[in-house]
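Single-structure report; data block below.
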Amino acid sequence: MVDVAAIFKAYDVRGVVPDQLDESVARATGAAFVEVLDVLAGPGAVVIGYDMRPSSPGLAAAFAEGVTSTGADVIDIGLASTDQLYFASGRLDLPGAMFTASHNPAKYNGIKMCRAGAAPVGADSGLRDIADLVAKALTEGPATASAAGHVTHKDLLTAYADHLHDLVDLSDIRALTVVVDAGNGMGGHTVPAVFAKGPVTIIPMYFELDGNFPNHEANPLDPKNLVDLQAKVRETGADLGLAFDGDADRCFVVDEKGDPISPSAITGAVAVRELAKHPGSTILHNLITSKAVPELITEHGGVPVRTRVGHSNIKQKMAETDAVFGGEHSAHYYFRDFWRADTGMLAALHVLAALGEQDKPASELFAEYERYVASGEINNKVADAAATVAAIEDTYSGGSDMDGVTVDHLDGLTVSAGQWWFNVRASNTEPLLRLNVEASDRSEMERVRDEVLALITGASVEEN
């Protein structure tokens, strides 16, 4: 029997195929999705997309069977990036399901679900209820409607590309040469359609759709997966390099020297562009982004709002504040004009527009948005995450030598001082503590990093 609780995470469904996630689970999830979202009383249909993993078409078809077994209809958009699925959900005003395991290795697959208009389905907004119904169906068997729904196939790739170009017009920028590493993921499907407009010459890398990832994992957050892109940018003298993850909803950027540009710098640059179009607007940034981000937002007349990590948190806060844009340290970028959903492709177009509208190379342009030195995210396995965090807080919250230090608990533990800050927070899905440190210079960052790591590793069971 499948352990349903083990594969239903805080924001999605994810597991090893077929040991944890198989077509019976997908079928039961489709039926439960209709019930929890009350699809039959509302739009009457669900839109479904899937990535290039070998198991994705079968899982998507099984989910569709679950949906239609209730009497609801399915709009099948076929191969898609996750943000293309969000586009379909927004454009068609339908709840949606995307079959992908994003950046995870080939043996995994998963389901990202949303309400109509690309609104999130998180643990407290339906996902837990869906999991309960799936567990029940796998034990007792599924219920079926007297009349099944229908499946309609619809190609929305061109409409998706057109919508992105309506938001960021590249027609008047200078000619650019850009290396794109699709990592054998869905960027190989969407980039040719999106980049067909504008004076941009693409040098493609690993555009062949292959869910076995024969060249490297489609996880640009890991520096080793950027090595090929960096080498190709230097070899070709390109203006920029872009790397997409497996489902192409995140985009990472390297400059003309092959050096990575931090997602915080991209967040700051896009925020400045959005504030030029929407003066005085609210911009969200999660608490792991650089301190430079709220500084830039304020300097350009915007209102920065600090949020917890995770797309459900960001999307909810965007709706509450009517924020025009939001960025995360993990290279998720959210746009009000894209149904508050995350789209690395739209962020990439902003980067190209920012670069192409002026004459500086990328390294000089984006240096303006890099003000501090960050550690990057450091993960450690610990025996007791809560106890370890409490010990760290005790260390930094008392004593005269801690004057000027502040502590908050918006998401995990954040400790701030004038020249540095750090955050430690527990993973939602693994026995990990995640540490991020930023300071005014490298030596100070390393001092704080090593100080906190000594406290963490004293309680660790295995460094990850």
Side-chain angles (χ1 to χ4, degrees), residues 1-9 11-51 53-80 82 85-86 88-89 92-101 109-123 125-156:
M1 177 63 68
V2 172
D3 184 354
V4 173
I7 63 172
F8 274 74
K9 312 297 182 182
Y11 308 116
D12 59 15
V13 182
R14 187 169 64 254
V16 176
V17 178
D19 299 346
Q20 295 177 297
L21 176 59
D22 61 15
E23 293 184 6
S24 67
V25 175
R27 192 173 294 107
T29 304
F33 184 74
V34 170
E35 181 172 342
V36 171
L37 272 65
D38 204 13
V39 173
L40 289 172
V46 174
V47 61
I48 299 175
Y50 55 85
D51 72 9
R53 292 169 187 264
S55 59
S56 291
L59 291 171
F63 186 94
E65 289 174 7
V67 171
T68 57
S69 74
T70 69
D73 294 329
V74 165
I75 306 296
D76 178 3
I77 65 170
L79 281 167
T82 291
L85 184 280
Y86 291 149
S89 174
L92 302 176
D93 199 25
L94 294 176
M98 175 67 192
F99 284 80
T100 180
N109 213 325
I111 317 171
K112 294 182 177 181
M113 291 173 276
C114 63
R115 296 176 181 272
V121 176
S125 56
L127 196 60
R128 190 174 291 114
D129 296 329
I130 293 171
D132 290 343
L133 288 176
V134 169
K136 181 179 179 182
L138 293 176
T139 301
E140 301 177 4
T144 57
S146 56
H150 299 90
V151 177
T152 302
H153 298 275
K154 193 175 186 68
D155 183 356
L156 292 176

So, the side chain of Arg27 versus the backbone of Gly66: is there a donor-acceptor pair under 3.5 Å, distance only? no
State the OG1-OH distance between Thr100 and Tyr50, to the nearest 0.5 angstrom. 13.0 Å
Pairwise distance CG(Leu59) to CZ(Arg53) - rounded to 0.5 angstrom: 11.0 Å
When rounded to the nearest 0.5 angstrom, what is the spacing between CZ in Phe33 and CG in Leu127? 10.0 Å
Atom CZ of Phe8 and atom CG of Asp132: how far apart are they, to the nearest 0.5 Å? 9.5 Å
Tell me, do Leu21 and Arg14 make a side-chain contact under 4.5 Å, heavy atoms counted? no
Could you state the interatomic distance from CD1 (Ile48) to CG (Leu94), rounded to the nearest 0.5 Å? 11.0 Å
Between Thr68 and Val151, is the side-chain contact (heavy atoms from CB on, under 4.5 Å) condition met? List the steps. CA-CA 8 Å; Thr68 57; Val151 177; 4.0 Å; yes
Quick one: does Val4's side chain get under 4.5 Å of Val25's, heavy atoms only? no
Take Leu92 and Lys154 through the test side-chain contact (heavy atoms from CB on, under 4.5 Å) and record every step on the way to the result. CA-CA 11 Å; Leu92 302 176; Lys154 193 175 186 68; 4.1 Å; yes
Take Asp51 and Met98 through the side-chain contact (heavy atoms from CB on, under 4.5 Å) test and state the conclusion after the steps. CA-CA 8 Å; Asp51 72 9; Met98 175 67 192; 4.0 Å; yes
All heavy atoms of Leu85 vs all of Gly49, minimum pair found to be CD2-N, 3.8 Å
Decide yes or no on side-chain contact (heavy atoms from CB on, under 4.5 Å) for Glu35 and Thr70, but give the supporting numbers first. CA-CA 8 Å; Glu35 181 172 342; Thr70 69; over 6 Å; no
